[in-house]
Each structure stands twice: as structure tokens, then as C-alpha cells.
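Working notes, beginning with the structure itself.
This one's a predicted model, so the numbers in the text were calculated from it and none came from an experiment. What's counted below: heavy atoms across the whole structure, side chains too, no hydrogens, waters or symmetry copies.
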Amino acid sequence: GSANVYAHSSSCNLSKESAYMQTMGASNYSTDFGNAKMVMFIGRSYADAIRPSQLHALEKAHENGAYIVLVDPRLNNSIAFADEWLPINPGTDLAFILALCNVLIEEDLYDHEYVAQWVEPDGFEEWRKYVVGEVDGVAHTPEWAELITGIPAETIGAFARYYASMKPVHLQQMYGVSKRNLGDYAA
């Protein structure tokens, strides 16, 4: 026998959970669709046998008015509950997120109170500088992301503004990018 153990968690959740621990200090939390005004899935589908136990909660949230968005290269089965599908080029989730953040920062739409309470100030400033292009001269704008993601810049900008107007939001992300080499860092 071998001392090595390989299970579902090794190939699926480990990098995501590691990223959560590194960035938020907690992992393995449960979803709270019931209180969300928006639910956004990036590269994730509950209706494709990933989380069948959560389908009822997702359906109930949608019935209660939650706006559900899929950001995925494929039109997956979660469309049954979704209000919007943003088809994205495979492997470009991070460019989409950077462009959303650019709009939130440049148009001052992010939650200042949340950032002041929960985000390390120097880290946020370093992140802000990167997103707006002060670090490397590349502003991660919707126009920049359109060429990478295939999602029109106007759609990214409008979505970022709509996202900023919805509180609370439940965001399911990292499932695409966390499955790559060094995915815990990307996630």
C-alpha cells in the first residue's frame, strides 16, 4: 500500500478551500441563497449534479425574487433557474472579475464600509492600483476584458453596475480557476 490518499476533495475542493483560508480565514461555509438578492455562478452549475441538495434552495430564492446569473462557456442546466446567461470564453473568468472590479473602483460603486471593516488597507490599495493599471500600465477595463472573455464591454459595465446595486449577493466562483495549476492562488 501507499501512504498517499486521493479522494474527491483532493481533486475538487482542496484548492478552493485553501484559497478561502488564505483570503478570508474560513472555509467550507454553506450557501445562503434565501437572503440573496442576486446569485452569480461563475463556471459553476448546481443543476448538473454538483450540488443537487441545494437545488430546492436555489429554486426558492429565485421564486422569492433573487436575480440569478450564469457566467459559463456553456448553457448549463442551471438555466432553469437563471435570469441571465453571460457566455464567456473558457478559462477567462479572472479577466471578467478584474473588469467588474475596475468598474466598481473607477465609478466608486464598491462598498466602502465593508472594505474598511473587513479588508486589509494596504492590500486593498495594492489591489486597486493593479486593477486600474497603475502597477503595470494595463487598466483592466471592460474593453480590455472584452477581447479576452468574448463578453461585450457594454455588457460587463452594465452588469457591474447592476451587481453593485444588489445587496446581498451570493457569488459562487473559483470552481473553474481553482482547478488549474496553483489554482488556490488564482482563486
Could you walk me through whether Val119 and Trp127 pass the side chain to side chain contact (heavy atoms under 4.5 Å, CB included) check? CA-CA 11 Å; Val119 180; Trp127 167 251; over 6 Å; no
Is the ring centre of His140 less than 6.0 Å from the ring centre of Tyr130? yes
Would you mind reporting whether Val115 and Glu113 have side-chain heavy atoms less than 4.5 Å apart? no
CD on Glu143 to CD on Glu146, rounded to 0.5 Å: 7.5 Å
Correct closest heavy-atom pair for Pro90 and Pro73 would be CA-CG, 3.9 Å
Rounded distance [0.5 Å steps], OG1 in Thr149 versus CD1 in Ile97: 11.0 Å
Heavy-atom side-chain contact between Ile151 and Pro87 under 4.5 Å: no
For the side chain of Asn89 and the backbone of Thr92, is there at least one donor-acceptor N/O pair under 3.5 Å apart? no
Quick one: closest heavy-atom pair of Leu104 and Ala164, and the distance? CD2-CB, 3.6 Å
pair Met40-Tyr163: side-chain heavy atoms closer than 4.5 Å: yes
In this structure, is the centre-to-centre distance between the rings of Tyr110 and Phe124 below 6.0 Å? yes
Which value, rounded to the nearest 0.5 Å, describes the distance between Leu70 atom CG and Ile88 atom CD1? 12.0 Å
Stepwise side chain to side chain contact (heavy atoms under 4.5 Å, CB included) check, Val169 with Lys37: CA-CA 6 Å; Val169 173; Lys37 291 186 180 174; over 6 Å; no
Does some side-chain heavy atom of Met38 sit less than 4.5 Å from a side-chain heavy atom of Lys167? no
Does any part of the side chain of Val69, heavy atoms only, come nearer than 4.5 Å to the side chain of Asp83, both counted from C-beta? no
Any chance you could measure Asp72, atom CG, to Ser78, atom OG, to the nearest 0.5 Å? 8.5 Å
Report yes if the side chains of Phe41 and Phe81 come closer than 4.5 Å at any heavy-atom pair, otherwise no. no
CG of Leu100 to CD1 of Ile105: how many Å apart, nearest 0.5 Å? 11.0 Å
Please determine whether residues Leu147 and Val103 belong to a single hydrophobic cluster, defined as Ile, Leu, Val, Met, Phe, Trp and Tyr linked transitively by side-chain heavy-atom distances below 4.5 Å. no
Are any side-chain N or O atoms of Trp144 and backbone N or O atoms of Ala99, one a donor and one an acceptor, separated by less than 3.5 Å? no
Any non-hydrogen side-chain atom of Arg161 less than 4.5 Å from a side-chain atom of Leu109? yes
Do the side-chain N and O atoms of His170 and Asn35 include a donor-acceptor pair separated by under 3.5 angstrom? no
Would you compute the distance between atom CD1 of Ile68 and atom CD of Glu84 and round it to the nearest 0.5 angstrom? 12.0 Å
Heavy atoms from other residues, nucleotides or ligands near CD of Glu126 exceed 12 (cutoff 6.0 Å): no
